[in-house]
Amino acid sequence: MIPKSKVIWMNGKLVAWDEAKVHVGTHALHYGSSVFEGIRAYSTPRGAAVFCLDQHVERLFNSCKIFKMPVPFTPAQIHDAIAQVVRDNKLQSCYIRPLVYRGFDNFSLDPRTSPVEVAIFAFEWGSYLGSESIRSGVNVGVSSWRRMAPDTFPALGKLGGQYVNSQFIAMEANDHGYQEGIALDVYGNVSEGSGDNIFVVSGGVLYTPPLGSSILKGVTRYATMTLAHDLGYSVVEQNIPREMLYIADEVFITGTAAEIVPIRSVDHVQVGAGEPGPATKKLQQEFFSIVQGRVPDRYHWLTFVNDAAPAKAKAPASSRRSKRKGK
Ligand SMILES: Cc1ncc(COP(=O)(O)O)c(C=O)c1O
């Protein structure tokens, strides 16, 4: 279960964790009319640092634009609110979930008459697929569920309703004993995992599906491609046939939740030597040394929450009272 933090940012105010509630008639609960982000902050020698905050805020607003949801806050306000939530909850390594959703008004299938609400919460969180997954890798299977065709749902938007597809992929993978499921796109090419992007290493070149393969434009995918270029690898975005996963030297997945996770086998077919390969290990090492502040942040990927501008949202009455009492 998600561990409780102290406060949650809701529509510009901080409320106590247990008070962050919505009405059962909330449009998003019925129809998936929401947009969200998944962001990580890492513990560094300079305190908690949010990874690629600008990129996540930009994607959040792009998703809202796609879904015609006018956000009642500016990107700068959301940026500051995210830093504030980490800071005020005194979190270090944590997962942050900004959520923009259609609230309670009516059940019209044109959602634009329902209000747009915003919440941001954060909590301490380890690795999504288990810490062993990062070290030793995981076994995955190709799902019988495809990603959406381009003219059905907008894959570039991180919209709540689209995650029903991810849930089918994840359930099937777990039922078959895999730690993650890899979905094909509607044309039968490799698309992505239920919650992560995929890379294949073959002959020293990195391959990853293009945006047209119904993938989310992952922030960790972008960071991995940047690191790979700088490590001297060619990175090619191209259609990937399923069987390329079986004959690759290395396969790994990337995502905010998963981070960078080696794949040991696909459909019970061993990938390479069946253990994390040299390119995957190098990328993991580069990635973790930057996000954990062990080497200089040469890409300006980190936002140190204690350096951020003073926050504007008010603390809930209960925590203001306890501060006055000196607790
Ligand atoms: C479907 C899907 N693909 C890919 C990703 C990876 O994206 P990111 O690296 O921005 O977390 C995620 C996670 O957000 C996802 O849900």
Side-chain angles (χ1 to χ4, degrees), residues 32 34-42 50-63 66-67 82 94-100 122 125 127-129 133-134 138 140 142-143 145-150 152-173 179-186 189-200 206 208-228 235 237 240 251-261 263 283-284 286-288 290-291 299 301 303:
S34 64
V35 152
F36 66 99
E37 272 304 313
I39 309 176
R40 266 190 196 268
Y42 290 88
V50 182
F51 176 63
C52 282
L53 181 49
D54 292 338
Q55 288 84 346
H56 282 287
V57 171
E58 186 184 4
R59 189 173 65 187
L60 182 77
F61 276 77
N62 281 340
S63 299
I66 291 169
F67 210 178
I82 290 169
C94 61
Y95 185 79
I96 308 155
R97 168 55 56 85
L99 176 71
V100 184
W125 209 38
S127 58
Y128 177 55
L129 298 172
S133 71
I134 308 248
V138 295
V140 304
V142 173
S143 183
W145 295 100
R146 301 276 183 102
R147 290 307 268 172
M148 53 289 224
T152 56
F153 292 92
L156 290 184
K158 200 166 164 63
L159 317 187
Q162 281 165 206
Y163 279 77
V164 173
N165 175 256
S166 289
Q167 290 172 63
F168 278 112
I169 296 165
M171 283 194 288
E172 184 185 72
Q179 281 112 319
E180 175 60 305
I182 305 299
L184 306 180
D185 68 13
V186 71
N189 294 312
V190 173
S191 176
E192 61 178 347
S194 67
D196 24 72
N197 295 114
I198 189 162
F199 285 83
V200 170
L206 265 72
T208 195
L211 299 187
S213 288
S214 294
I215 64 164
L216 184 74
K217 191 179 172 195
V219 172
T220 324
R221 173 183 183 270
Y222 142 76
T224 303
M225 289 163 82
T226 305
L227 292 173
V235 183
E237 291 177 76
I240 296 180
V251 179
F252 62 89
I253 51 176
T254 64
T256 298
E259 298 168 305
I260 299 178
V261 175
I263 303 298
L283 288 163
Q284 284 182 318
E286 283 288 301
F287 176 81
F288 285 110
I290 291 176
V291 298
Y299 305 105
W301 282 341
T303 299

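What you are looking at is a predicted structure, and each value in this text was computed from that prediction instead of being measured. For the numbers below, each heavy atom of this structure counts, side chains included, while hydrogens, waters and symmetry mates do not. We count ligands from 1, going down the list as the structure has it; atoms in each ligand are counted the same way.
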Chemist: Under 3.5 Å between any N/O of H56 and any N/O of ligand 1: does that happen in this structure?
Modeler: no
Chemist: Is the number of heavy atoms from other residues, nucleotides or ligands within 6.0 Å of CZ (F153) greater than 12?
Modeler: no
Chemist: Nearest to atom 12 (C) of ligand 1 by heavy atom, G195, C52, A155: which?
Modeler: G195
Chemist: Return yes when Y222 approaches ligand 1 closer than 4.0 angstrom through a heavy atom, no otherwise.
Modeler: no
Chemist: K217 versus ligand 1: do any nitrogen or oxygen atoms come within less than 3.5 Å of each other?
Modeler: no
Chemist: Exactly one of I82, I96, T256 should register a side chain to side chain contact (heavy atoms under 4.5 Å, CB included) with H56. Which one does?
Modeler: T256
Chemist: May I ask you to check if ligand 1 and R59 share an N or O to N or O distance below 3.5 Å?
Modeler: yes
Chemist: If you have a sec, work out which protein heavy atom is nearest atom 11 (O) of ligand 1 and how many Å separate them, to one decimal?
Modeler: T256 OG1, 2.6 Å
Chemist: Side-chain donor-acceptor pair under 3.5 Å between E259 and T220, yes or no?
Modeler: no
Chemist: Does the salt bridge (charged side-chain N to carboxylate O under 4.0 Å, His left out) test come out yes or no for R221 and E237, once each step is laid out?
Modeler: CA-CA 11 Å; R221 173 183 183 270; E237 291 177 76; 2.7 Å; yes
Chemist: Number the atoms of ligand 1 from 1 as they appear, then name those within less than 4.0 Å of a heavy atom of E192, with their elements.
Modeler: 1 (C), 2 (C), 3 (N), 4 (C)
Chemist: Using a strict cut-off of 4.0 Å, indicate which atoms of ligand 1 neighbour a heavy atom of R147.
Modeler: 1 (C)
Chemist: Is there any N or O on T254 that sits under 3.5 Å from an N or O of ligand 1?
Modeler: no
